[in-house]
Number of protein chains: 2
Amino acid sequence: MTNNRDSCLNCENNNCFIKRYSPISIIDDVNKNKMVSRFPRKQHIFHEGNENPGIFFVKSGVVKVYKNGAFNKDQIIRFSLNGEILGHRGLQKSTIFSVSAQTLTESEVCFFTREYFFYLLEKVPQLTINLMLFYAEELNQEESKLRDMAIFNVREKVAKALLTLVERFGLKTNKEIKYIEKLSRQDIAELVGLTSNQVTKVLADFKSENLIEIEGKKIRLAKKPEMENIIAI
Amino acid sequence: MTNNRDSCLNCENNNCFIKRYSPISIIDDVNKNKMVSRFPRKQHIFHEGNENPGIFFVKSGVVKVYKNGAFNKDQIIRFSLNGEILGHRGLQKSTIFSVSAQTLTESEVCFFTREYFFYLLEKVPQLTINLMLFYAEELNQEESKLRDMAIFNVREKVAKALLTLVERFGLKTNKEIKYIEKLSRQDIAELVGLTSNQVTKVLADFKSENLIEIEGKKIRLAKKPEMENIIAI
DNA sequence: GTTAAAGTGTGATATTAATCATATTTTCGC
DNA sequence: GCGAAAATATGATTAATATCACACTTTAAC
């Protein structure tokens with residue numbers, strides 16, 4: 001059944017780790033062990049603290065990954081999209097989710113059980129090595145982020161949040177940050193450890209300095225180089 | 001030559017990833033490709049930005065791993081000791097060190113070239129999988145740290161730094177934090193993104209509240225539960 | 001469409017944190 | 001053991017941030 005319309009072979013997500021690093025010969029088997037689910041907007045895919053049954057891949061849509069913090073101050077870890085691995089942080093010895101994942105848009109998600117995925121890792125060393133390298137890269141990024149959060153003030157943090165979103169989602173031709181209308185001020189705040197109040201104020205500053213244009217939730221980044229200067233070190 | 005006194009087989013570091021997950025049959029080969037170096041106190045093992053020739057393991061001693069930040073504000077990433085892997089963040093696609101490593105005490109370090117280590121990874125899937133799991137665990141810890149730094153105030157950050165050191169190094173029977181006399185106020189500050197000045201002040205507060213006892217650089221954590229309450233969520 | 005609820009914008013005020021100055025102590029080389 | 005240099009402790013001052021209040025706007029439910 002490798003030629004049905006849901007087969008990995010027909011999947012447009014060439015970003016998918018499994019597809020990129022596994023031999024064609026095993027894809028049929030992968031496909032048989034795959035479970036695809038569809039989630040509407042604002043739904044949880046999994047919750048921090050719950051039992052982790054396996055690993056997910058984002059087939060389509062945008063997913064917010066975050067960690068619960070004290071005093072209702074959550075921390076957004078990343079946004080996942082376009083075939084990216086999801087819940088890979090759950091691939092540790094503990095089988096408890098250390099993060100939560102919630103859809104920002106309607107999304108399709110592929111799922112594999114822990115058992116099957118570990119079987120695959122044993123079988124395909126290149127998959128394992130590349131997954132390891134991916135982790136190393138993520139670890140470096142997290143550390144840069146940590147350093148930034150330790151050093152930046154409120155204004156710089158908001159600039160950082162906007163530039164992070166541009167890097168992740170990209171700009172439309174009119175310079176509007178893609179998907180930003182799906183995010184609340186609270187979401188932007190939780191990317192960089194601020195309150196929604198602080199974000200609103202700095203955004204108002206940026207607007208009055210003509211660095212950005214605001215239209216409801218939409219934000220157009222008129223002057224990206226100037227914004228980058230704010231956090232230049 | 002597997003029975004010389006420097007052989008991995010005789011090494012007391014059972015924490016060592018290679019030794020733990022590789023078959024005995026390969027250890028002889030590992031040993032031939034190993035280079036052991038000794039570093040005096042306060043020496044650099046490698047520098048951020050330099051070419052990364054391979055991977056290290058801490059055979060003995062305590063090593064500080066840190067990242068350069070703006071305005072002389074470095075960020076301490078971790079302390080490595082007792083057979084732990086070092087420079088694993090360099091095992092990414094880029095061959096440039098993203099961190100620096102400096103000894104806090106006299107230390108012995110084992111080194112393998114990139115080429116040999118990747119050869120080993122291809123050959124020993126269990127080593128690769130367990131290294132990947134180790135990364136996943138580190139990534140989770142980094143994310144918790146990131147969240148904490150985003151949420152904690154100065155007082156809470158100092159409490160967090162002390163508890164991190166206790167977790168890492170342990171307490172002596174007199175409740176003194178091990179190795180803390182090797183760290184400056186600046187080091188403690190760089191663990192949690194503060195200045196040495198701020199650390200000094202909060203430590204004075206903790207002392208006057210009888211949470212800790214200070215004697216030069218030595219700190220005894222008299223009331224660990226109370227300290228933990230400061231950062232309880 | 002109407003209404004309630006949630007989210008956003010903005011100012012005032014209280015609190016916290018950063019910076020500087022300087023005294024004191026500790027460390028290190030000779 | 002002595003002197004210089006570095007690190008640490010502490011107070012005063014200035015700057016930045018957090019918090020609250022409340023008006024306004026948008027969103028969602030009925």
Side-chain angles (χ1 to χ4, degrees), chain A residues 40-43 64 69-74 76 102 104-105 149-162 180-209 211-219 230-231, chain B residues 40-43 64 69-74 76 104-106 149-162 180-209 211-219 230-231:
Chain A
R41 173 161 183 271
K42 297 244 178 191
Q43 292 282 309
K64 172 173 103 173
F71 328 118
N72 275 343
K73 276 186 171 184
D74 294 339
I76 293 181
Q102 186 185 33
L104 287 182
T105 66
M149 290 310 100
I151 290 176
F152 289 163
N153 63 24
V154 171
R155 178 181 165 90
E156 290 161 346
K157 283 181 183 176
V158 177
K160 179 71 189 180
L162 292 180
I180 199 159
E181 75 275 9
K182 306 290 181 191
L183 301 179
S184 67
R185 295 289 180 263
Q186 186 67 34
D187 285 328
I188 298 174
E190 287 173 2
L191 256 177
V192 285
L194 297 175
T195 64
S196 62
N197 226 325
Q198 292 175 302
V199 170
T200 299
K201 279 175 197 183
V202 176
L203 286 180
D205 290 345
F206 285 165
K207 187 182 172 184
S208 75
E209 295 167 38
L211 292 171
I212 61 172
E213 293 163 17
I214 301 178
E215 191 185 315
K217 290 199 165 188
K218 293 182 179 178
I219 296 177
I230 291 176
I231 57 169
Chain B
R41 174 160 183 270
K42 296 244 179 192
Q43 292 282 306
K64 171 173 105 173
F71 330 114
N72 277 341
K73 275 187 169 182
D74 294 340
I76 293 181
L104 286 182
T105 66
E106 190 187 45
M149 290 311 100
I151 289 174
F152 289 162
N153 63 23
V154 171
R155 179 181 165 89
E156 289 160 347
K157 282 182 184 176
V158 176
K160 178 70 190 180
L162 292 179
I180 198 157
E181 74 277 8
K182 306 290 182 191
L183 302 179
S184 65
R185 295 289 181 263
Q186 187 68 34
D187 284 329
I188 297 174
E190 287 174 3
L191 256 178
V192 286
L194 297 176
T195 65
S196 61
N197 226 326
Q198 292 174 304
V199 170
T200 299
K201 279 175 196 182
V202 176
L203 286 180
D205 290 345
F206 285 166
K207 187 183 172 184
S208 75
E209 295 167 38
L211 292 171
I212 61 173
E213 293 163 19
I214 302 179
E215 190 185 317
K217 289 200 165 188
K218 294 183 178 177
I219 296 176
I230 291 175
I231 57 169

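Sequence lines set the chain letters: A, B, ... in the order given, protein chains first and strands last, and positions in each chain run from 1.
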Starting from [atom2] on [N], measure out to [atom1] on [X] and report it in whole angstrom.
X: K42(A); N: dA28(D); atom1: NZ; atom2: C1'; result: 11 Å
X: R185(B); N: dA9(D); atom1: CZ; atom2: C1'; result: 9 Å
X: I151(B); N: dT17(D); atom1: CD1; atom2: P; result: 18 Å
X: E156(A); N: dA15(D); atom1: CD; atom2: P; result: 17 Å
X: F152(B); N: dT17(D); atom1: CZ; atom2: C1'; result: 18 Å
X: F206(A); N: dT10(C); atom1: CZ; atom2: P; result: 15 Å
X: L183(A); N: dT26(D); atom1: CG; atom2: P; result: 18 Å
X: I214(A); N: dT8(C); atom1: CD1; atom2: P; result: 11 Å

Task: Sugar-phosphate only, base, or nothing, as touched by N197(B) at under 4.0 Å among non-hydrogen atoms - done: base
TODO: May I ask you to say what T200(B) touches in the nucleic acid, namely base, sugar-phosphate or nothing, with a heavy-atom cut-off under 4.0 Å?
DONE: base
Open item on the list: Just to verify, which of I76(A), L194(A), V199(A) counts as forming a side chain to side chain contact (heavy atoms under 4.5 Å, CB included) with I188(A)?
Closed with: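 Among I76(A), L194(A), V199(A), the one meeting side chain to side chain contact (heavy atoms under 4.5 Å, CB included) with I188(A) is V199(A).
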TODO: For side chain to side chain contact (heavy atoms under 4.5 Å, CB included), just list the numbers for I230(B) and F206(B), CA-CA rounded to whole Å, side-chain angles, deciding distance to a tenth of an Å, and then say yes or no.
DONE: CA-CA 11 Å; I230(B) 291 175; F206(B) 285 166; 3.7 Å; yes
Open item on the list: Closer than 3.5 angstrom, by distance alone: can the side chain of E156(A) be matched with the main-chain N or O of N153(A) as a donor-acceptor pair?
Closed with: yes
Open item on the list: Could you go through L104(A) and L183(A), starting from their C-alpha distance and side-chain angles, then the distance that decides it, and tell me whether this counts as side chain to side chain contact (heavy atoms under 4.5 Å, CB included)?
Closed with: CA-CA 8 Å; L104(A) 287 182; L183(A) 301 179; 3.5 Å; yes
Open item on the list: Of the listed nucleotides (dT8(C), dT8(D), dA21(D)), which one gets closest to any side-chain atom of K217(A)?
Closed with: dT8(C)
- [ ] Ignoring hydrogens and angles, answer whether the base of dT19(C) and the side-chain atoms of K201(B) contain a donor-acceptor pair closer than 3.5 Å.
- [x] yes
